[in-house]
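A short write-up of the structure that comes next.
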Amino acid sequence: MREKHISIITGEHIKENTILEQLENLGYNTAHILSFSSLSDFIAAGASTHLVLAYIHDFNAFYLQFDSNRDLLSDTAFIIISRIADETHIAEAMQRGIQDYLLTDTFDGPMLKKVILCAAERQKHINDKRNDAYGNSFFQDIPIPMWIYDTESYQIITVNNAAVQSYGYTADEFLSKTIFDIRPDEQLSNLRKEIEVRKPSESYYDAGIWKHQKKDGTIFHVHVYSYHTIFKGKKARLIMATDENEKVIAEEKLKQKATEVDNILETITDAFYTVDNNWNLTYINKEAEKLYGVTREKLLGTCLWDVFPNSRQTGFYSEYQRAMNERVSIHFKEYAPSVGKWILVNAYPKEDGLAVYHTDFTEQKTLEDKVLSEQQNLSAIINNTRDIIWSIDADFNVVMANDAYYDRVKQLANKADYKDVVAEDIGNALIEEWNEYYRRAFLGEQFKIIYYSFANGKKAYDQINFNPIFDEEKKVKGVTIFSRDITEEKKLEQLILIEKKNLSALINNTSDMIWSVDKDLRIVSANNAYKDFVFKLCGIHIETGSSNFWKEKDPELQTRSEQYYERALHESFSIVDQQIVDGKLAFFENSFNPIVGPDGNIIGISCYSRDISLQREHVMKIEVQNEKLKEIAWLQSHKVRGPLANIMGLAQLFDLNNYHESVNGEVINGIIEAANNLDSIIREVVKNTYDALPAIE
């Protein structure tokens with residue numbers, strides 16, 4: 001049975017009646033127990049086993065061989081037995097995939113059996129899980145033809161869908177063949193030589209270009225890559241065969257046309273030269289002469305490495321050697337110290353050497369370096385801001401982020417290093433909340449949110465913008481997120497709102513009318529007094545954006561108002577206007593002032609109107625009073641003066657020395673008449689004065 005095959009690797013002497021006796025008592029046949037002095041002997045023997053008991057005292061020597069051969073023993077369970085009880089050694093053994101660790105002379109038969117059975121079962125589970133991977137959808141859906149073959153029988157033991165489609169065999173037909181059956185006869189001998197040269201245990205190698213044959217007989221070229229693996233307990237190799245037919249055919253045609261190409265090589269812009277198998281230069285075109293500053297006469301027939309000895313320490317030498325030895329085309333970029341330039345190299349193997357194309361790549365390299373520098377500068381820019389910037393892929397994994405992002409992650413998780421942060425540190429609720437934003441962006445929506453948070457006793461506001469990243473097919477392949485702290489802006493916004501409310505209360509706490517219009521004469525703002533006036537005048541409730549609200553009610557007012565607005569778009573002015581309100585003539589003092597925007601252009605008009613009807617009536621009364629006073633003044637200055645002058649003149653004629661003089665009687669009569677006239681005038685003045693009093697009140 002499988003679990004009866006046990007191997008022992010020991011660096012110590014196994015005492016009789018100890019481990020061997022315990023194994024025999026447990027039913028393990030000693031004929032199936034192999035004893036090796038080292039792990040190397042075990043590998044060299046090619047023994048097949050499912051469990052190894054390793055007696056260890058030199059751990060470094062054991063791990064050195066264990067690590068280098070682990071691929072070959074990937075389906076084998078290991079149990080270490082050692083006198084060393086150091087926990088560090090035990091932990092390291094577990095990390096390397098050792099199934100168990102026993103201390104010498106500390107276990108009995110039942111315990112050993114339990115450890116062996118558990119180790120074998122765990123390893124079997126690992127092997128089964130690995131084997132299942134070759135049958136899962138990932139292996140089957142890879143678009144590159146792949147199969148696995150047994151390294152002893154060369155039988156194909158599993159194959160993917162791409163191989164079935166490419167070669168034309170059904171899966172069952174493929175599994176009935178060996179790796180020799182899918183190749184043309186002409187390559188079988190080379191395949192056998194390749195197998196002899198390559199060790200079955202070699203982990204990976206690039207087998208190069210081979211010819212394969214499809215079910216219908218079609219022969220095509222493939223590039224073969226080979227990997228060591230274990231499949232269902234058997235040593236095997238995983239093969240990947242990429243179709244290189246078109247490329248190989250093109251290269252073959254290129255070789256066939258080499259003679260024709262020689263005729264135009266002198267006209268191409270690339271530097272071109274050829275070398276034979278001994279690295280002697282056999283052809284050089286004009287561009288090569290120009291690039292390297294040497295005439296072809298001096299170069300032809302000389303060894304390439306003698307002409308450019310410094311190139312032996314560069315990629316030119318190693319890559320050319322690979323192209324020559326492996327007969328493969330090579331393409332690379334390298335700095336040429338001999339000319340101080342970067343060279344783009346394309347080299348192709350010929351039957352007798354190599355054909356090499358050199359392109360001066362210096363300008364493009366400078367541009368690439370500039371792009372790299374700009375990328376580094378961009379990185380410096382995004383890390384030179386406290387704004388948080390990051391992007392995610394379709395799996396919500398962070399692709400790129402600036403330092404501010406990682407600082408925020410550390411803050412949320414309360415960790416010193418963001419690398420130590422796990423999902424539990426953030427909280428499932430918060431993660432799901434953000435995932436919902438991500439899903440929304442992956443539907444193609446570009447949006448922003450104002451995100452509120454409360455941490456360390458402080459409120460914080462962030463404005464977060466989500467921007468989908470589209471591929472060439474207009475599908476969302478990722479999302480970039482930009483977050484800015486707008487806490488101070490929010491505070492300012494709240495202060496502005498308070499100020500706005502205060503201003504609104506201020507302008508609405510007056511009977512004067514205040515409003516503003518834009519350049520299209522639409523209402524931008526208005527206080528309650530103006531709204532009430534418009535409703536009283538027109539029966540209309542005005543709102544922001546209202547216009548021409550009086551046109552049908554009073555076309556004349558409409559025309560006059562538009563004239564005022566048109567004038568106010570050019571200058572500030574005030575004017576007194578009159579309007580019939582509630583059946584009475586009312587007077588209004590109106591002020592119009594243009595509103596200037598940040599760019600200096602007029603964007604609207606601010607308007608102010610005050611009812612001055614009472615003041616106007618008072619002024620008119622004063623004007624009437626003034627007329628009365630003027631009349632009184634005229635009476636005093638003209639009518640009173642005449643009688644008074646008569647009295648004064650008659651008084652001069654009165655004879656004070658002779659009272660009985662007859663003339664005195666005439667004088668007295670004249671004075672009495674003049675006094676009566678003066679009395680009449682004074683009465684008229686008094687009457688006019690009383691008539692003027694109501695105008696003053």
dist T158:OG1 -> Y149:OH (nearest 0.5 Å) comes out at 15.0 Å
When you check the gap from the basic side-chain N to the acidic O, do D462 and K448 get nearer than 4.0 Å? no
Beyond-backbone contact of I284 with L300, side-chain heavy atoms, under 4.5 angstrom: yes
Check whether any side-chain heavy atom of F316 sits under 4.5 Å from a side-chain heavy atom of H358, and report yes or no. yes
Determine, step by step, whether V159 and V164 satisfy the side chain to side chain contact (heavy atoms under 4.5 Å, CB included) criterion, reporting the C-alpha distance in whole Å, the side-chain angles of both residues, the deciding distance to 0.1 Å, and the verdict. CA-CA 7 Å; V159 64; V164 171; 4.2 Å; yes
Any donor-acceptor N/O pair, D270 side chain to F272 backbone, under 3.5 Å: no
Evaluate the side chain to side chain contact (heavy atoms under 4.5 Å, CB included) criterion for residues I392 and W390: first the C-alpha distance (whole Å), next the side-chain angles of each, then the deciding distance (0.1 Å), finally the verdict. CA-CA 7 Å; I392 60 170; W390 76 100; 4.0 Å; yes
Keeping the roles fixed (side chain from T302, backbone from L299), state whether a donor-acceptor pair exists under 3.5 Å. yes
Is the backbone N or O of V222 less than 3.5 Å from a side-chain atom of D243, with the two atoms forming a donor-acceptor pair by type? no
Passes side chain to side chain donor-acceptor pair (under 3.5 Å), Q463 versus S483? Steps please. CA-CA 6 Å; Q463 179 177 294; S483 177; over 6 Å; no
Starting at CD of E289, measure out to NZ of K286 and round the result to the nearest 0.5 Å. 8.5 Å
Using a 4.5 Å cut-off on heavy atoms from C-beta on, say whether the side chain of M324 contacts that of N277. yes
If you count every heavy atom of other residues, nucleotides or ligands that lies below 6.0 Å from D417 atom CG, does the total exceed 12? yes
Donor-acceptor contact present, side-chain T359 to main-chain F361, <3.5 Å: no
Side chain of T366, backbone of T362: donor and acceptor closer than 3.5 Å? yes
Aromatic rings Y320 and F332: how do their planes relate, parallel, tilted or perpendicular, breaks at 30° and 60°? perpendicular
Heavy-atom check, side chain of V345 versus side chain of V356, under 4.5 Å: yes
Apply side chain to side chain contact (heavy atoms under 4.5 Å, CB included) to I179 and Q155, showing your working. CA-CA 7 Å; I179 60 174; Q155 184 74 34; over 6 Å; no
In terms of the angle between their ring planes, are F180 and Y154 parallel, tilted or perpendicular, with boundaries placed at 30° and 60°? perpendicular
Can you confirm whether E246 is buried at CD, in the sense that more than 12 heavy atoms of other residues, nucleotides or ligands lie under 6.0 Å from that atom? no
Hey, does the side chain of N325 reach the backbone of Q321 with a donor-acceptor pair shorter than 3.5 angstrom? yes
Looking at S311 and T314, would you say the former's side chain and the latter's main chain have a donor-acceptor pair under 3.5 Å? no
Residues F470 and K474: closest non-hydrogen pair is CD2-O, 3.4 Å
Is there a side-chain contact between Q187 and R192, using heavy atoms and a 4.5 Å cut-off? no
Would you call K290 and E287 a salt bridge, taking side-chain N to carboxylate O under 4.0 Å as the test? yes
d(E244 CD, H223 NE2) to nearest 0.5 Å is 7.0 Å
Taking all heavy atoms of A241 and all of H212, pick out the closest pair and write down the distance. CB-CE1, 4.5 Å
Say whether, by atom type as modelled, one donor and one acceptor occur between the side chain of N402 and the main chain of R386 under 3.5 angstrom. no
Does W279 reach the main-chain N or O of D276 with its side chain, forming a donor-acceptor pair under 3.5 Å? no
Relative to each other, are the rings of Y348 and Y357 parallel, tilted or perpendicular (30° and 60° limits)? perpendicular
Using the ring of each side chain (for Trp, its six-membered ring), is W434 parallel, tilted or perpendicular to Y438, with breaks at 30° and 60°? tilted
Tell me whether the count of non-hydrogen atoms from other residues, nucleotides or ligands lying under 6.0 Å of CD in E445 goes above 12. yes
Between T218 and Q213, is there a side-chain donor-acceptor contact under 3.5 Å, judged purely by atom types and distance? no
Is the ring pair F308/Y292 parallel, tilted or perpendicular, if the boundaries are 30 and 60 degrees? tilted
Is any side-chain N of the basic residue among E196 and K193 closer than 4.0 Å to the acidic one's carboxylate O? no
Check this for me: E363, atom CD, are more than 12 non-hydrogen atoms of other residues, nucleotides or ligands nearer than 6.0 Å? no
Below 4.5 Å, heavy atoms only, C-beta onward: do D393 and V479 meet side chain to side chain? no
Quick one: closest heavy-atom pair of V224 and D206, and the distance? O-OD1, 3.5 Å
Atom NZ of K477: over 12 foreign heavy atoms under 6.0 Å: no
Taking every non-hydrogen atom, the tightest pair across R237 and H228: NH2-N, 3.5 Å
In Å and rounded to the nearest 0.5 Å, what is the CG to CZ distance from N310 to R312? 10.5 Å
Identify whether the distance between the nearest side-chain nitrogen and carboxylate oxygen of K341 and D360 falls below 4.0 Å. yes
Between R183 and K211, what is the shortest heavy-atom contact and its length? CG-O, 3.7 Å
Please report the C-alpha distance between Q140 and N160 in whole Å, then the side-chain angles of each, then the deciding distance to 0.1 Å, and finally whether the side chain to side chain donor-acceptor pair (under 3.5 Å) criterion is met. CA-CA 5 Å; Q140 290 298 327; N160 73 349; over 6 Å; no
Indicate whether any N or O donor in one side chain lies under 3.5 Å from an N or O acceptor in the other, for Q313 and Y317. no
CD-CZ distance between Q446 and R440, expressed to the nearest 0.5 angstrom: 11.5 Å
Main-chain N/O of L354 paired to T274 side chain as donor or acceptor, under 3.5 Å: no
Of all heavy-atom pairs between Y335 and G340, which one has the smallest distance, and what is that distance? OH-CA, 3.2 Å
Could you check if a side-chain atom of L281 sits within less than 4.5 angstrom of a side-chain atom of Y283, using non-hydrogen atoms only? no
Would one find more than 12 heavy atoms of other residues, nucleotides or ligands at under 6.0 Å from atom NZ of K214? yes
Do the ring planes of Y167 and F174 sit parallel (below 30°), tilted (30 to 60°) or perpendicular (above 60°)? perpendicular
Within the 4.5 Å heavy-atom criterion, are W147 and I157 side-chain neighbours or not? no
Determine, stepwise, if the pair L443 / R439 fulfils side chain to side chain contact (heavy atoms under 4.5 Å, CB included). CA-CA 6 Å; L443 292 176; R439 294 187 192 101; 5.9 Å; no
What distance do I239 atom CD1 and I182 atom CD1 have between them, rounded to the nearest 0.5 Å? 8.5 Å
Pair K410 + D420: basic N to acidic O under 4.0 Å: no
